[in-house]
Amino acid sequence: GAVVSQHPSWVICKSGTSVKIECRSLDFQATTMFWYRQFPKQSLMLMATSNEGSKATYEQGVEKDKFLINHASLTLSTLTVTSAHPEDSSFYICSAPGQGLWEQYFGPGTRLTVT
Amino acid sequence: QQQVKQSPQSLIVQKGGISIINCAYENTAFDYFPWYQQFPGKGPALLIAIRPDVSEKKEGRFTISFNKSAKQFSLHIMDSQPGDSATYFCAGGVNQGGKLIFGQGTELSVKP
């Protein structure tokens, strides 16, 4: 199956700072990637759709100026949490459609803790 | 309606038993229904998926049953094993490679 990686796997930052999370498709190209947020014991909530070479599409209620998404290449999308606050602490997961297009493969997730 | 409703929230099954998780959807535009397995601290892993042109799909111990008219689908895990203990999510998707809308998740515990 297709492999999606994320970096870092966990990060701790201070309130008010920004943190960047990378999502890479390792053995395939992805013109589209998706970013999800998952709070403990809860489901995955779609935050935005990352489109290679164009602007991301954000879900209702997600602040686009706070969660900056860049999809600069066919294998890399980044999510930057700007001016992070403790309530942004969560598990951030990206996904990308595989070669078969129907299947979506998820990265291992990034645990963000804002102190 | 984009929601996918999943039940039960938690499930305890004895080793060797059958685990059954149900999902219902509203959006008739959904044309892809995957199930994901997630272990604590890990990303979800695709388990099995179905498209609405078939009523059942089986892969090993895992079977999806799909009822298009009722807008419901379910996951059956036969001969459940302690290693199956995880959280399971159903989802609905539209178009190839489109975004997925997830159910609330079911925490499965298989007792030895």
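Remember, it's a predicted structure, so these values are computed and weren't measured experimentally.
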Side chain, backbone, both or neither: which part of B:P34 has an atom under 4.5 Å from a heavy atom of chain A?
-> neither
For atom NE2 of A:H7, is the number of surrounding heavy atoms from other residues, nucleotides or ligands below 6.0 Å larger than 12?
-> no
same_hphob_cluster(B:L108, B:I48) at 4.5 Å side-chain heavy-atom cutoff = yes
Pick whichever of B:A91, B:G105, B:G41 has the most heavy-atom pairs under 4.5 Å with chain A.
-> B:G41
Same hydrophobic cluster for A:L68 and A:V19, using side-chain heavy-atom links shorter than 4.5 Å among ILVMFWY?
-> no
Is atom CD of B:Q9 surrounded by more than 12 heavy atoms (other residues, nucleotides or ligands) closer than 6.0 Å?
-> no
Hphob cluster co-occupancy, A:Y36 + B:L46, side-chain heavy atoms under 4.5 angstrom = yes
Which atoms of B:Q38 approach chain A - backbone, side chain, both or neither, heavy atom under 4.5 Å = side chain
Nearest heavy atoms of B:G103 and A:S43, plus distance in Å | O-OG, 2.5 Å
Do B:Y32 and A:E103 have side-chain heavy atoms sitting under 4.5 Å apart?
-> yes
Checking A:Q38 against chain B: side chain, backbone, both or neither under 4.5 Å from a heavy atom?
-> side chain
Taken to the nearest 0.5 Å, the spacing of A:L46 CG from B:L100 CG works out to 8.5 Å
Select one option (side chain, backbone, both, neither) describing which atoms of A:L44 are under 4.5 Å from chain B's heavy atoms.
-> both
Does any heavy atom of chain A fall under 4.5 Å from the side chain of B:F89, the backbone, both, or neither of them?
-> side chain
Spell out, yes or no, whether B:F102 and A:M33 are grouped together once hydrophobic residues are joined by side-chain heavy atoms under 4.5 Å, including indirect joins.
-> no
Checking B:E107 against chain A: side chain, backbone, both or neither under 4.5 Å from a heavy atom?
-> side chain
Single-linkage hydrophobic cluster B:I64~B:V4, side-chain heavy atoms < 4.5 angstrom = yes
